[in-house]
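Take a look at the structure below.
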Amino acid sequence: MKSYFGTDGIRGRANTFPMTPEVALRLGKAAGAYFKRGDHRHTVVVGKDTRLSGYMIEHALISGFTSAGMDVRTLGPCPTPAIGLLTRSLRADLGVMITASHNPYPDNGIKLFGPDGFKLPDEAELEIEALMENGPLAASPEEIGQVTVFQDAKGRYVEAAKASFPKDLSLNGLKIVVDCANGAGYRTAPLALWELGAEIDKMGVTPNGTNINAGCGSTEPEAMARRVVETGADLGVALDGDADRLILCDENGRIIDGDQILGRIALDHAANGTLTGGGAVATIMSNFALERRLTEAGLKLERTAVGDRYVVERMRQGGYNVGGEQSGHLVMTDHATTGDGLIAALQILACCVRAGKPASQVCSVFEPAPQVKLNVPYTDISPLGLPAVQEACRAAEARMNGAGRLVVRASGTEPLIRIMTEGDDEALITQIAGELAETMQNATVTHAAE
């Protein structure tokens, strides 16, 4: 069992274990030692989002990497998918993104990418954790790494994103509201869309270290939706703090989630003969109606555990080139190694331009089955292991009697239990979710008092 890594790297409250400079220093030394293979000069690229604690974590990581004998190329604020791209493009041995993604600014995290540009598998993370505990040997004074600033990260990423848009199409005549969540994509996303011809209305592009994801971005897209309606825009694009998630809204202000985006891209690829694997990959949280829609089109939907890393692993195993999550991680391995909000938005825009139809028509792929989602916070011990909670979960599944789905899981990034019920009987699934959340809360209190 891993002690530091969760479903998407290491994450926590800044200056609190495990997101402390001390842990970052040890991680840098351990990951540096793990990826020092061969006799060439080893390099790591390091990027970050815009939160205040990024500087603290970045400098601690750099100290660890240079102590291990790795040269460091810093990229400054840039999207997470740019790390995957540049790790591979620059022939680096390792890529690092300092971000807590969609979380508020007091949190931070560290994501690692291998030399192929993909996130690390569980086995590699376990080996790095072992090195963190055992303390790898430091490099000799002659082998200490050097630190340089890589100036062209944003330009390279923008050009790569633009290359994913069909060359015979243009965004001329389209007005797009772009909400960058005051995060890592605040320069790259508006620039790429503008260079492809669109008229841009920017939001969330004034980061100050503490306003990332605050009332904006993919987790709070309502302001973007209002701006679209008020200004008569054709589409709204909302990214999260590290720009690997995407939520859209159509010209009427209707929110378009990751399931609808995934369905549209998969169907479009199938129609164009560019879909591989015979379908798409999603997680257990994706709406069942998406699966039904793809099945009707002769395509399959494979499901994985929650986390875009697991989606990508299954895509690579099965030869799929389209996958994603309801939360807005959209992965197209023809263009990127991880979720990429900008590239996903460009695929949807290409669908709209090619069809000559508005987003309200293009992105209405299926009628979602009712879903209820609740988060139950806890402090010390996860309630999932308590007998009362386990019995309540079994009873809930029995009540659904095969007419719906129940997903109960611990968050990989926050001390929360996430409950999702889904089925055609909205009243039933609402009642089941509420009762299960109440049982968890009561069981947690009872256990703490014992």
Side-chain angles (χ1 to χ4, degrees), residues 8-9 31 35 42-50 54 58 61 65 70-99 101 109-121 124 148-167 180 183-193 195-196 237 239-246 265 308-309 311-313 315-316 320-324 328-347 349-350:
D8 197 9
F35 280 97
H42 294 82
T43 304
V44 54
V45 296
V46 179
K48 60 185 178 183
D49 66 22
T50 58
E58 178 183 37
L61 279 169
F65 286 127
M70 292 194 99
D71 292 337
V72 180
R73 305 188 80 173
T74 61
L75 309 182
C78 64
T80 286
I83 300 299
L85 166 74
L86 289 169
T87 301
R88 187 161 56 180
S89 174
L90 297 174
R91 294 184 66 185
D93 300 277
L94 173 64
V96 180
M97 180 65 182
I98 303 166
T99 179
S101 189
I110 302 170
K111 301 179 182 182
L112 301 183
F113 293 78
D116 58 0
F118 288 93
K119 292 179 181 177
L120 303 186
T148 56
V149 177
F150 184 69
Q151 301 286 357
D152 197 29
K154 298 175 185 66
R156 284 215 194 184
Y157 172 70
V158 166
E159 288 304 314
K162 287 165 55 182
S164 73
F165 190 75
K167 289 181 172 55
C180 300
Y186 78 101
R187 289 178 177 168
T188 52
L191 179 60
L193 292 166
E195 289 184 353
L196 288 169
V237 173
L239 306 175
D240 69 338
D242 65 334
D244 67 350
R245 288 193 189 199
L246 169 70
I265 293 174
D308 69 315
R309 182 163 66 107
V311 171
V312 173
E313 286 177 2
M315 290 173 68
R316 299 178 75 185
Y320 298 90
N321 63 347
V322 174
H329 281 122
L330 283 308
V331 185
M332 290 141 289
T333 50
D334 290 344
H335 307 295
T337 59
T338 187
D340 192 315
L342 174 58
I343 286 180
L346 289 172
Q347 306 314 299
L349 284 163

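Just so you know, these numbers use all the heavy atoms, side chains as well, and skip hydrogens, waters and symmetry mates. Note that the coordinates shown come from a computational prediction; the quantities given were computed from them, not determined experimentally.
To the nearest 0.5 Å, the span separating CE on Met97 from CD1 on Ile110 amounts to 11.5 Å. For the atom pair CG (Asp244) and OG1 (Thr338), the distance works out to 6.0 Å, reported to the nearest 0.5 Å. How far CG of Leu342 is from CG of Leu193: 5.5 Å, rounded to the nearest 0.5 Å. Rounding to the nearest 0.5 Å gives a distance of 7.5 Å between CG of Leu90 and CG of Leu75. Interatomic distance, CG of Asp242 versus OG of Ser101, reported as 4.0 Å (0.5 Å rounding). Here the straight-line distance linking atom CZ of Arg156 with atom CG of Leu86 works out to 6.5 Å at 0.5 Å rounding.
Between Cys78 and Ile83, some side-chain heavy-atom pair lies under the 4.5 Å cut-off. Side-chain contact between Arg316 and Asp116 is present, with at least one heavy-atom pair separated by less than 4.5 Å. When side chains are defined from C-beta on, Val312 counts as touching Phe118, because their heavy atoms get closer than 4.5 Å. Under the 4.5 Å side-chain criterion, counting only non-hydrogen atoms from C-beta, Phe113 is not in contact with Val45.
Contact record, Leu85 with Tyr157: CD2-CA, 3.8 Å, taken as the closest heavy-atom pair. Taking all atoms of both residues into account, the shortest heavy-atom contact from Asn321 to Met315 is C-CE, 3.5 Å. In terms of heavy-atom proximity, Phe35 sits nearest to Met70 at CB-CE, 4.4 Å. Nearest heavy atom pair, residue Pro190 against residue Gly185, reads CD-O, 3.6 Å. Nearest heavy-atom pair across Thr50 and Ala184 is CG2-N, 4.2 Å. The nearest pair of heavy atoms linking Thr188 to Pro79 is OG1-CG, 3.5 Å.
Side chain of Ser164 to main chain of Ala161: a donor-acceptor pair is present (N/O by atom type, distance under 3.5 Å, no hydrogens or angles). In terms of modelled atom types and a separation under 3.5 Å, the side chain of Asp340 and the main chain of Ala344 share no donor-acceptor contact.
Under the side-chain hydrogen bond (donor to acceptor under 3.5 Å, both in side chains) test applied with Asp8, the options His329, Arg309, Lys119 reduce to a single match, Lys119.
Between Arg245 and Asp308, none of the side-chain N atoms (NZ, or NE/NH1/NH2) sits under 4.0 Å from a carboxylate O, so this pair counts as no salt bridge.
Side-chain atoms of Thr337 and Arg88 include no donor-acceptor pair closer than 3.5 Å.
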